[in-house]
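In what follows, a single structure is set out as structure tokens and then discussed.
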Amino acid sequence: MDRARPIVRRPLAALLTATAVAAAGVTALTPDARAADADLARNGGFEAGLDGWNCPAGTTVTSPVHTGASALKATPAGSDNARCAQTVTVKPDSAYTLSGHVRGAYVHLGASGTGTTDVSTWTQSAPDWQKLTTTFRTGPSTTSVTIYTHGWYGTGDYHADDITLVGPGGETGQPPAPPAGLSASGVTASSVSLSWSPAAGATSYAVYRDGARIRTVTGTSTTVTGLSPSTAYAFQVAALNDAGESARSATVTATTSAPDSGGGDPGLPAHALVGYLHASFANGSGYTRLADVPDSWDVIDLAFGEPTSVTSGDIRFERCPAAECPGVESDAEFKAAIRAKQAAGKKVLISIGGQNGQVRLTTTAARDTFVSSVSRIIDAYGLDGLDIDFEGHSLSLDTGDTDFRNPKTPVIVNLISALKTLKARYGDDFVLTMAPETFFVQLGHQFYGSGPWGGQDPRAGAYLPVIHALRDDLTLLHVQDYNSGPIMGLDGQYHSMGGADFHIAMTDMLLTGFPVAGDAGNVFPPLRPDQVAIGMPATVNAGNGHVSPAEVVKTLDCLTKGADCGSYRTHGTWPSLRGLMTWSINWDRFGGWEFQRTFDGYFG
């Protein structure tokens, strides 16, 4: 793609002719013809913000700029290449030159709807301002064209400035009247359907949500998705044609419904605190009796149930012996504590796996043993559900298994089948949670399994087919945002542990969705915000990636309120984000309950 541009050499006769004309004082282009040409691009220097431009993923910045005081900054994310466009009135059968200055990787400048051949030019890499220029001729009946710039998926921000379209101006009319009859219907927990009456002379319509333009459509209806449950939104519509945009319609307000409890909310509070309790082993954090866990903890994961062998599927839960855990309660006291927590509205789960509990369900026999052995643990202790904490080499994808929607690998297929069986056995109140590492989820944005040609780590993104297949049954996903290497976010930048930025970027991916292995046609859909909690270490002793209470608050402010986000630009705000998960309750007690106090202080 990166071909050197050929040098265009003019014929000698043409050069001699041009010289002779100049010497005779004859002008090749008459003053009248030159005067007809003008810069038709509106606000091409972005000095008036985004006025005239449709840039859902764009904003204006004061640095860097090519000239003037402002420039465009746009951020490709997910399946969006951050297109920024405007429609310009032109003359039929006329020549035009489109130019602009850009910075970034894979930045495109082009024109569509020309009536002849649509054109585009681009640069693979422009670390500093680079001028792009292309030309086109309009068709015999063309009266408007759309000029645009865009970036590329996963390649980071790009900048544009001083965009011009030079050529003869077309005949301009009047913008249409504002649309009438805007109404909302089909309201769900995450979407609202809008419809309105057609406006005379309109060629398209701009849809506004809470004052921000979110899309342009050609019809008189649209469905706005990606909304938060139990939230009020204000919508308006404006009519567009070649002459401009109408005033906005009257405002219609719609409130989304409460979350669907199909698999996501069996009796949890609006914001939940989730923690792991060391029930089968001891370490430097000390043993904590279940009855001594404070009421702030809404979901308590008993760690861990482990297999008798990696491939047996036979899960056993052995409580910590008194010799290893001084003060451990008896089985009768432990079961009584479970019942007391449940009576107080808490959920107590068995967590399977952990760092040392490798589980690979390679056969249907192992799958069936997994179901029966996990059921025995749940029934013996009267538990509310199951947490899947498969780590290490428990999940990996076979070579050639490249579609997360239709997995073929036995350990993946059998785990999905086992979890669906358990969910069906225990019903809607069964709590199902998962605690994968970032390597198994967000890394799938870049790499999925061994890749189309092999050679990659087959564990990359391996949780994605499990999460996707169980999304209607999944109560909570709390990815471990710790013990992680740098991960590329939707902004095309790598994010590292140690601050709010990492948690913001990783959670934004779950709530926005993302292309798998960089394929814009293969997007992992977003989860509902009530299904997502953020996994963090309770103390510096608990794991790499611990952050201070101030960084925890900054993370929650950004994701639930859109405030204090730093340099990362999220793709929404999610006030119904479920909450926080930590490793572990024991370590938080060791650290003076700092994590619990931060959660209580924020959510009350």
Side-chain angles (χ1 to χ4, degrees), residues 268 272-306 315-320 324-325 328-329 334 337-338 341-342 346-359 374 377-378 381 383-392 394 431-438 440 463 474-484 532-547 552 578-599:
L268 292 181
L273 180 60
V274 182
Y276 288 79
L277 184 69
H278 307 178
S280 63
F281 64 96
N283 61 14
S285 65
Y287 185 78
T288 300
R289 294 166 65 96
L290 178 57
D292 294 334
V293 175
D295 287 342
S296 294
W297 300 89
D298 300 296
V299 180
I300 301 168
D301 294 318
L302 304 177
F304 286 105
E306 299 181 1
I315 307 300
R316 306 293 175 90
F317 175 54
E318 304 291 343
R319 296 190 54 242
C320 190
E324 185 179 345
C325 296
V328 65
E329 61 269 66
F334 190 72
I338 292 173
K341 290 296 180 187
Q342 292 168 332
K346 313 304 178 184
K347 305 297 181 182
V348 185
L349 317 181
I350 180 66
S351 180
I352 306 297
Q355 180 178 346
N356 299 324
Q358 306 292 297
V359 182
V374 170
I377 296 169
I378 292 172
Y381 289 94
L383 301 177
D384 296 289
L386 170 66
D387 173 69
I388 297 297
D389 185 12
F390 284 13
E391 300 180 16
S394 292
V431 179
L432 175 63
T433 67
M434 298 182 191
E437 298 164 293
T438 56
F440 294 89
Y463 250 94
L474 184 63
T475 309
L476 285 178
L477 177 72
H478 31 65
V479 175
Q480 301 176 36
D481 285 1
Y482 45 90
N483 298 333
S484 172
V532 176
I534 307 171
M536 302 176 173
T539 71
V540 294
N541 307 97
N544 294 321
H546 173 261
V547 295
V552 177
R578 180 64 72 180
L580 300 177
M581 174 276 279
T582 194
W583 177 262
S584 63
I585 295 174
N586 303 63
W587 278 118
D588 196 35
R589 181 185 183 186
F590 182 87
W593 300 113
E594 180 182 81
F595 194 86
Q596 172 194 301
R597 285 187 285 107
T598 301
F599 177 89

Are K346 and W297 packed together at the side-chain level, in the sense that at least one heavy-atom pair is separated by less than 4.5 angstrom? no
Reported CD1-to-CG distance for the pair I352 and L386, which is rounded to 0.5 angstrom: 5.5 Å
Under the side chain to side chain donor-acceptor pair (under 3.5 Å) test, which residues partner Y463, sequence neighbours left out? none
What residue among I585, V348, D292 forms side-chain contact (heavy atoms from CB on, under 4.5 Å) with L277? I585
Nearest non-hydrogen partners of P436 and L477, listed with the distance: CD-CD1, 3.5 Å
In Å and rounded to the nearest 0.5 Å, what is the CE to OH distance from M581 to Y482? 4.0 Å
pair R578-T475: side-chain heavy atoms closer than 4.5 Å: no
After noting the C-alpha distance and the side-chain angles of L383 and L349, does the key distance pass the side chain to side chain contact (heavy atoms under 4.5 Å, CB included) rule? CA-CA 6 Å; L383 301 177; L349 317 181; over 6 Å; no
Test item: R589 side-chain N/O and G286 main-chain N/O as donor-acceptor pair under 3.5 Å: no
The salt bridge (Lys or Arg N to Asp or Glu O under 4.0 Å) partners of E437 (sequence neighbours excluded) come to none
Straight-line distance of E594 CD to T539 OG1, nearest 0.5 Å: 8.5 Å
Please confirm whether the backbone N or O of I300 pairs with a side-chain atom of K341, one donor and one acceptor, at under 3.5 Å? no
Under the 3.5 angstrom rule, does the side chain of S351 hit a backbone N or O of D301 as a donor-acceptor pair? no
Q342 and D384: side chain donor to acceptor below 3.5 Å: yes
One should read off an interatomic distance between E306 CD and I315 CD1, to the nearest 0.5 angstrom, of 9.0 Å
Quick check: closest heavy atoms across G305 and I350, and the distance to 0.1 Å? N-CD1, 3.8 Å
More than 12 heavy atoms of other groups within 6.0 Å of Q355 CD: no
Sidechain-backbone polar pair: D588 side chain, Q596 backbone, donor-acceptor under 3.5 Å: yes
Of all heavy-atom pairs linking L290 and I338, the shortest is CD2-CG1, 3.5 Å
D481 CG to M536 CE distance, which is reported to the nearest 0.5 Å: 7.0 Å
Side chains of N483 and W583: closer than 4.5 Å at any heavy-atom pair? no
Please round to the nearest 0.5 Å and tell me the distance separating atom CG of L476 and atom CE of M434. 11.0 Å
Walk me through it: do Y381 and F317 pass the test ring pair (Phe, Tyr, Trp, His ring centres under 6.0 Å)? CA-CA 10 Å; Y381 289 94; F317 175 54; 5.5 Å; yes
Partner set under ring-ring contact (aromatic ring centres under 6.0 Å, His included) for F595, not counting sequence neighbours: none
Sequence-distant partners of T433, side chain to side chain donor-acceptor pair (under 3.5 Å), two or more places apart: D387
Distance-only donor-acceptor pairs under 3.5 Å for side chains of residues 278-285, two or more places apart:
from: H278; atom 1: ND1; to: S285; atom 2: OG; distance (Å): 3.4
from: H278; atom 1: NE2; to: S584; atom 2: OG; distance (Å): 2.7
from: S280; atom 1: OG; to: A303; atom 2: O; distance (Å): 3.0
from: S280; atom 1: OG; to: F304; atom 2: N; distance (Å): 3.0
from: N283; atom 1: OD1; to: S285; atom 2: N; distance (Å): 3.0
from: N283; atom 1: OD1; to: S285; atom 2: OG; distance (Å): 2.6

So, using ring-ring contact (aromatic ring centres under 6.0 Å, His included) as the criterion, who are the partners of Y287 when residues are at least two apart? none
Checking R319 side chain against E329 main chain: does a donor-acceptor pair fall under 3.5 Å? yes
